[in-house]
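Reading through the structure tokens given below for one structure.
We count ligands from 1, going down the list as the structure has it; atoms in each ligand are counted the same way. This structure is a prediction, so every number in the text was calculated from the model and none was measured.
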Amino acid sequence: DVISQGGGRIASLSAESHKILNRRLEIDRKMLTALDRNSLHVAYQPQYDVASEKITCYEALVRWEDEDLGVISPDELIPIAEENGLIEEVGAYVAEEAMTFVTKWHRAGNDMSISINSSIRESLNPQWKDRLISILNETGCPANKVHLEFTEKFALKAEEEQSVLAQMSELQNLGLQFTLDDFGSGYASLRYLQHLPISSVKIDRVFIDALLSNPKTQKLIEGLIQLSKKINLYTIAEGVSNEQQFELLKEMGIDAMQGHFIGMPMPGEQIEIK
Ligand code: C2E
Ligand code: MG
Ligand code: MG
Ligand code: MG
């Protein structure tokens with residue numbers, strides 16, 4: 001009957017939410033130990049520069065695999081770290097690994113840049129820039145080879161924007177560069193481009209996914225590239241996963257591409273320094 005059916009549905013729904021909640025709590029509970037025990041890792045994904053026809057940069061992506069919880073994706077890990085306050089620790093860990101990685105290239109006499117994702121929450125901390133500067137000094141990494149990627153998941157308040165801007169300007173003076181990640185899908189892209197010292201944009205994968213099937217999307221991407229060029233931004237497409245996308249984006253004047261067609265994220269040890 002209707003009543004018991006309804007009841008059953010509610011019961012199974014809540015069992016599902018219970019499972020999700022439990023997983024969140026476990027991730028939260030295990031995070032500090034994982035950081036202490038060095039169970040987090042960094043994967044590196046290559047970025048292809050169209051003009052030089054070379055890999056000129058790698059993006060650092062955090063990885064965590066737990067024996068009980070399995071693979072914990074950054075999309076799960078980062079929001080929980082932002083809530084439990086461990087985002088600074090995670091960010092520092094990734095920055096240290098990533099800067100060590102790119103410093104190896106430089107010691108071998110090769111040019112390479114590194115792109116590090118940064119939570120805007122991290123940069124709201126007044127110690128953000130100092131922490132990055134000490135990691136630069138510790139690792140001996142050239143500051144002008146470091147890019148920081150921001151996703152604007154929420155709009156900043158005016159005073160927050162001022163504080164982020166002040167710290168960004170100092171880092172920029174040292175040579176660091178800033179990239180607006182997931183361009184086109186955020187809430188305040190154009191506002192950020194207007195006020196923050198951003199030098200590259202990464203066009204969101206959702207646009208690249210629809211490029212070949214939706215003529216409107218193709219026009220949109222063309223527009224985003226032209227708009228970016230008008231204000232001297234370096235344009236990167238993310239999630240490029242086949243040759244047709246690659247060729248079309250090249251024709252459209254994109255500066256750089258990243259995605260499974262170029263290369264998968266890989267552990268640093270598997271990447272040959274050349
Ligand atoms: P993102 O910065 O936009 O990174 C791109 C994501 O797309 C990565 O997922 C990457 O593995 C995936 N990807 C790359 N190429 C392709 C492709 O051709 N097809 C498909 N389907 N996917 C592709 P991942 O590693 O799961 O990271 C998800 C998001 O988590 C990142 O998005 C970034 O916003 C965040 N994130 C990752 N690492 C860190 C970190 O160390 N710190 C912070 N704050 N955020 C991070
Ligand atoms: Mg990114
Ligand atoms: Mg992105
Ligand atoms: Mg993304």
For the Mg ion (ligand 2): the N/O/S atom of Glu59 at shortest distance: OE2

4.5 Å side-chain heavy-atom contact, Glu247 and Lys250: yes

Interfacing atoms of ligand 1 (cut-off 4.0 Å, heavy-atom, Val94): 41 (O)

Enumerated ligand 1 atoms positioned under 4.0 Å from heavy atoms of Glu238: 3 (O)

Side chain, backbone, both or neither: the part of Arg63 lying under 4.0 Å from ligand 1 by heavy atom: side chain

ring-ring contact (aromatic ring centres under 6.0 Å, His included) partners for Tyr48, two or more places apart: Phe246

Least distance between heavy atoms, Val102 atom then Cys141 atom: CG1-SG, 3.4 Å

Closest contact, heavy atoms only, Leu211 versus Thr217: N-CG2, 4.1 Å

N, O or S of Asp181 under 2.8 Å from the Mg ion (ligand 2): yes

Identity of the N, O or S atom of Glu238 lying closest to the Mg ion (ligand 3): OE1

Shortest heavy-atom approach to atom 10 (C) of ligand 1 - which of Leu61, Thr151, Val42: Leu61

Contacting atoms of ligand 1, where contact means under 4.0 angstrom from a heavy atom of Gly239: 16 (C), 17 (C), 18 (O)

Closest contact, heavy atoms only, Val90 versus Val62: CG1-CG2, 4.4 Å

Least distance between heavy atoms, Pro197 atom then Met168 atom: CD-SD, 3.6 Å

Charged N-O contact under 4.0 Å between Glu26 and Arg23: no

Check: Ser113 and Gln177 side chains under 4.5 Å, non-hydrogen atoms: no

Which segment of Asp182 sits under 4.0 Å of ligand 1 when only heavy atoms are counted: side chain

Residue Asp181 vicinity, atoms of ligand 1 by number, heavy atom under 4.0 Å: 1 (P), 2 (O), 3 (O)

Per-atom contacts, ligand 1 versus Pro265 - under 4.0 Å to a heavy atom: 11 (O)

Any donor-acceptor N or O pair under 3.5 Å, side chains Ser52, Asp49: yes

Option nearest atom 39 (C) of ligand 1 (shortest heavy-atom distance, choices Val240, Leu40, Val62): Val62

Numbering as shown, the atoms of ligand 1 that approach Asp75 to under 4.0 Å (heavy-atom distance): 28 (C), 29 (C), 30 (O)

Beyond-backbone contact of Phe101 with Val42, side-chain heavy atoms, under 4.5 angstrom: no

Per-atom contacts, ligand 1 versus Gln45 - under 4.0 Å to a heavy atom: 14 (C), 15 (N)

Ligand 1 contacted by Met264 (non-hydrogen, < 4.0 Å): no

For the Mg ion (ligand 3), the closest N/O/S atom belonging to Asp182: OD1

Residue pair Asp255 / Ile236, side-chain heavy-atom distance below 4.5 Å: no

Minimum-distance N/O/S atom that Glu149 presents toward the Mg ion (ligand 2): OE1

Any N/O pair Ser73/ligand 1 closer than 3.5 Å: no

Other ILVMFWY residues reachable from Leu21 by side-chain steps of under 4.5 Å: Leu25

Close approach of Glu59 to ligand 1, heavy atoms, under 4.0 angstrom: yes

N/O/S atom of Asn117 inside 2.8 Å of the Mg ion (ligand 2), strictly under: yes

